[in-house]
Structure formats: C-alpha cells, structure tokens
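Everything on this sheet refers to the single structure shown next.
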Amino acid sequence: RLISDKTPDFRDLSIVPVEGYYKWAEYEMQKIAERAGVNEAAINQIIGRSIPGKVAQIVEANYRRIEVDAFTSWATGLVTAKNPQTGTTYQTSFDFDTARLTTAGTAWDDPGENAYDLLISFLEDAVDMIGGVRGVVLRTALLRAIQEDAPDLIGGVRMTRAQLAERVQDDLGTAFQFFLFDDTLEVYTDGGTAVTSTNVWPAGYIAAVPASGTVGRTVFAPVVRAMELARASGSSGIDTRGMTAYYSEANQGKELTVEVQCNPMTIPNEQKLRVENTLVT
C-alpha cells in the first residue's frame with residue numbers, strides 16, 4: 001500500500017521578513033568629513049572600514065531575532081509577528097495536538113507536588129510520543145524545584161545536579177542530560193532605541209529533546225526586491241552569512257543606508273514535540 005508522508009496540519013502562514021538597517025545621515029557623514037578633511041580617499045576608507053562591521057552587527061541581530069522566534073515556537077507552538085515601529089504583535093498558532101503541548105494543573109514547585117516524580121512521568125510520556133529522548137530543555141528555577149524533590153542520597157545528603165542527571169538516567173535506562181537555557185537578549189520594544197531584556201526560553205516550560213537533537217527546521221525564502229526584478233539600478237543584494245545586504249544613497253549622496261534582510265520561517269516538527277508549562281516562575 002501507499003506509505004504516505006506523516007506531516008502535521010498547518011494553517012496558511014506567510015513569511016514575514018526580518019530586516020535591520022543603519023543609516024549614516026548627513027550629520028554622521030559631516031563628522032567623517034571633518035575627521036578626514038576633504039580627502040575623498042580617506043573618507044571612503046573610514047566608511048569602508050565601518051560598513052562591514054555594521055553589516056556583521058545587523059546580521060547577528062537578525063539571527064538573534066530568529067533564535068527567539070524559533071525557541072518560542074518550540075515551547076508554545078505559537079508564531080508571533082511584531083510591527084517593529086509600534087511594538088504591536090500578531091500571533092497565530094501551529095495548531096499542534098494539545099497532548100503534545102500541555103499545562104500543569106498545579107505548579108511543579110507546589111508543596112503538594114513532587115517535581116522529580118513529575119519529571120519522570122513527563123519523560124516516560126515523551127518517550128511514548130516522540131521515541132528516544134536525550135534530555136530536557138528548562139530554566140534554572142525549574143531545575144531547582146526538581147532537585148529539591150529528588151530522592152536524597154544515603155545519610156540524607158542532597159543530590160548535586162550531576163548526580164541528579166545520573167539518577168534520572170538510571171530511572172529511564174538511557175542517556176540523559178539537563179540543557180539549562182537561561183540566556184537573555186535585549187529586544188527592541190518599538191521603533192525607537194528602548195530595549196527590554198528577554199529570555200530566549202520561556203519561563204516554566206520544559207521540553208523533551210529528541211535523541212536526534214533536531215526538533216524542526218528554519219527555512220529561508222529568497223530575498224527579492226522590486227529593483228532586482230526591474231534590474232533598473234543594477235545593484236542586487238550582497239549575500240552575508242545567508243542574509244542579503246543592500247546599500248542605498250539618498251539626499252544627493254549625503255546619506256548612506258545599509259539594510260540586511262532575510263525571510264525566515266521556523267517550523268517545529270509536531271512528531272518531535274513534547275512540552276509542558278510547569279507554571280514554575
């Protein structure tokens with residue numbers, strides 16, 4: 001019989017570009033001119049040295065944005081598009097099976113719960129759903145709760161984190177690792193320069209890491225602009241670490257703008273998902 005591809009159902013989604021830019025306006029250009037006098041070669045050298053560094057900075061910022069979106073999609077099954085000028089967000093769901101993305105009825109660190117037992121139950125459920133599991137992704141606050149409820153060693157000595165991982169490994173009968181993820185990034189709140197410190201991995205969430213180590217993929221659509229289609233200007237984008245950089249002048253050469261764009265879409269594989277919001281903050 002036909003063995004069909006087992007793929008999850010998805011809503012129709014549109015890829016929203018991720019783009020950063022920097023502008024050397026007339027004031028900045030004037031300051032450069034003052035440093036170099038009227039020597040055109042010196043001015044070009046100063047700008048030439050600073051532009052590659054700025055492009056690399058924008059590329060890195062774009063990838064960090066993709067990182068936040070990727071881990072949020074994995075943990076919550078949600079895709080969020082943000083208007084970078086107003087800070088307004090638009091959210092949609094992958095509509096994953098609710099059994100794969102669950103929320104605890106009571107917080108794992110509640111005095112009436114045993115976080116260690118809940119972890120073992122979660123992992124057994126994960127193995128049943130996605131196959132082999134090599135570990136879990138979580139924040140430190142949740143790991144502390146699990147460590148607090150773990151069985152004590154002989155003499156009532158509390159387990160270390162290394163011993164805790166070994167105990168889970170023994171209970172599961174397979175290799176196991178805790179992947180702590182407390183990284184933070186500064187995310188712009190709107191079109192200005194104000195930022196807010198944001199955790200890449202959402203608080204309270206625990207996710208099983210498949211044995212393969214791969215949960216999904218991020219695809220990139222080509223970056224195409226009207227000027228490329230028309231070929232009128234003759235200046236197509238320059239590839240930089242998989243992103244497309246554009247340079248444009250304005251105000252009779254008194255302004256220079258560099259823009260770096262990519263068109264990403266992070267798609268978790270539903271068959272590799274087992275996540276729970278433990279409500280631990």
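Numbers here simply count residues along the sequence, with the first being 1.
Taken together through direct or relayed side-chain contacts under 4.5 Å among Ile, Leu, Val, Met, Phe, Trp and Tyr, Y205 and V215 form part of one hydrophobic cluster. Residues L185 and V18 fall into different hydrophobic clusters, defined by Ile, Leu, Val, Met, Phe, Trp and Tyr side chains chained together at heavy-atom separations under 4.5 Å. Placement of I130 and F122 within a single hydrophobic cluster is found when ILVMFWY residues are connected by side-chain heavy-atom separations under 4.5 Å, directly or transitively. Two different hydrophobic clusters hold Y116 and L279 under the rule that ILVMFWY side chains link at heavy-atom gaps under 4.5 Å. Connection of Y188 to Y22 is not established within any shared hydrophobic cluster, with ILVMFWY side chains joined at heavy-atom distances below 4.5 Å, either directly or through further cluster members.
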Apply side chain to side chain contact (heavy atoms under 4.5 Å, CB included) to the pair E19 and E259, showing each step before the final yes or no.
CA-CA 7 Å; E19 180 179 348; E259 303 175 35; 2.5 Å; yes
Before giving the answer on side chain to side chain contact (heavy atoms under 4.5 Å, CB included), spell out for S248 and L256 the whole-Å C-alpha distance, their side-chain angles and the decisive distance to 0.1 Å.
CA-CA 6 Å; S248 58; L256 175 65; over 6 Å; no
Output, in order, the C-alpha distance, side-chain angles, deciding distance and verdict of ring pair (Phe, Tyr, Trp, His ring centres under 6.0 Å) for Y246 and Y21.
CA-CA 9 Å; Y246 292 90; Y21 74 91; over 10 Å; no
Please walk me through it: do I146 and L142 pass side chain to side chain contact (heavy atoms under 4.5 Å, CB included)?
CA-CA 6 Å; I146 295 171; L142 177 54; 4.2 Å; yes
Between Q169 and T174, is the side chain to side chain contact (heavy atoms under 4.5 Å, CB included) condition met? List the steps.
CA-CA 5 Å; Q169 182 171 298; T174 184; over 6 Å; no
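In this structure the side chain of V260 reaches within 4.5 angstrom of the side chain of V59, judged on heavy atoms. The shortest distance between side-chain heavy atoms of L123 and V133 falls below 4.5 Å. A heavy-atom distance below 4.5 Å is not found between the side chains of E186 and T198. At a threshold of 4.5 Å between non-hydrogen side-chain atoms, the residues R217 and V219 count as touching. A heavy-atom distance below 4.5 Å is found between the side chains of R274 and T102. No side-chain heavy atom of D109 sits less than 4.5 Å from a side-chain heavy atom of D149. Using a 4.5 Å cut-off on side-chain heavy atoms (C-beta onward), F181 and L138 make no contact. Using a 4.5 Å heavy-atom cutoff, the side chains of W201 and V137 are in contact.
Under a 3.5 Å cut-off, the side chain of S121 and the backbone N or O of D117 do not form any donor-acceptor pair. Checked by atom type and distance alone, the side chain of T214 never pairs as donor or acceptor with a backbone atom of G216 at under 3.5 Å. For S73 (side chain) and V79 (main-chain N/O), no donor-acceptor pair under 3.5 Å exists by modelled atom type. Remark: the backbone N or O of E270 is paired with a side-chain donor or acceptor of R100 at under 3.5 angstrom. Formation of a donor-acceptor pair under 3.5 Å by the T196 side chain with backbone atoms of V187 is not found in this model. Looking at Q147, its side chain does come within 3.5 Å of a backbone N or O of M159 through a donor-acceptor pair.
Heavy-atom minimum distance, L101 versus A75: CD2-O, 3.9 Å. Annotation for P268 and W74: closest pair CG-N, 4.1 Å, computed over non-hydrogen atoms. Closest of all the heavy-atom pairs between I66 and C262 is CD1-SG, 3.8 Å. Taking every heavy atom of both residues into account, V275 and A207 meet most closely at CG2-CB, 3.8 Å. In terms of heavy-atom proximity, S93 sits nearest to D95 at OG-N, 2.9 Å. Heavy-atom minimum distance, A115 versus W108: CB-O, 3.7 Å.
In the model, Q261 has a side-chain atom that pairs as donor or acceptor with a side-chain atom of N263 under 3.5 Å. For the 3.5 Å distance criterion, the side chains of T160 and Q163 qualify, holding a donor opposite an acceptor. In summary, the side chains of D182 and T140 do present a donor paired with an acceptor at a separation below 3.5 Å, with no hydrogens or angles considered. Under the 3.5 Å distance criterion, with hydrogens and angles disregarded, a donor-acceptor pair is assigned to the side chains of T266 and T218.
Separation of atoms OG1 (T278) and CD (E113) is listed at 11.0 Å; rounding is to 0.5 Å. Of the inter-residue distances, the one linking E60 atom CD with E67 atom CD reads 9.0 Å to the nearest 0.5 angstrom. The structure places CD of E249 at 9.5 Å from OG1 of T257, a figure rounded to the nearest 0.5 Å. Going from atom CG of D171 over to atom CZ of R167 covers 4.5 Å, rounded to the nearest 0.5 Å. Note that CG of L143 and CG of L180 are 5.0 Å apart. Values are rounded to the nearest 0.5 Å. Once rounded to the nearest 0.5 Å, the distance linking OH of Y63 with CZ of R241 reads 6.0 Å.
Residues R158 and D152 are not paired through a salt bridge, judged by the lack of any N-O separation under 4.0 Å between the basic side chain and the carboxylate. Of the charged side-chain nitrogens involved, none lies within less than 4.0 Å of a carboxylate oxygen, so that R144 and E148 do not count as a salt-bridged pair.
Ring orientation note: the planes of F96 and F94 are close to parallel, at an angle under 30° on the 30°/60° scale.
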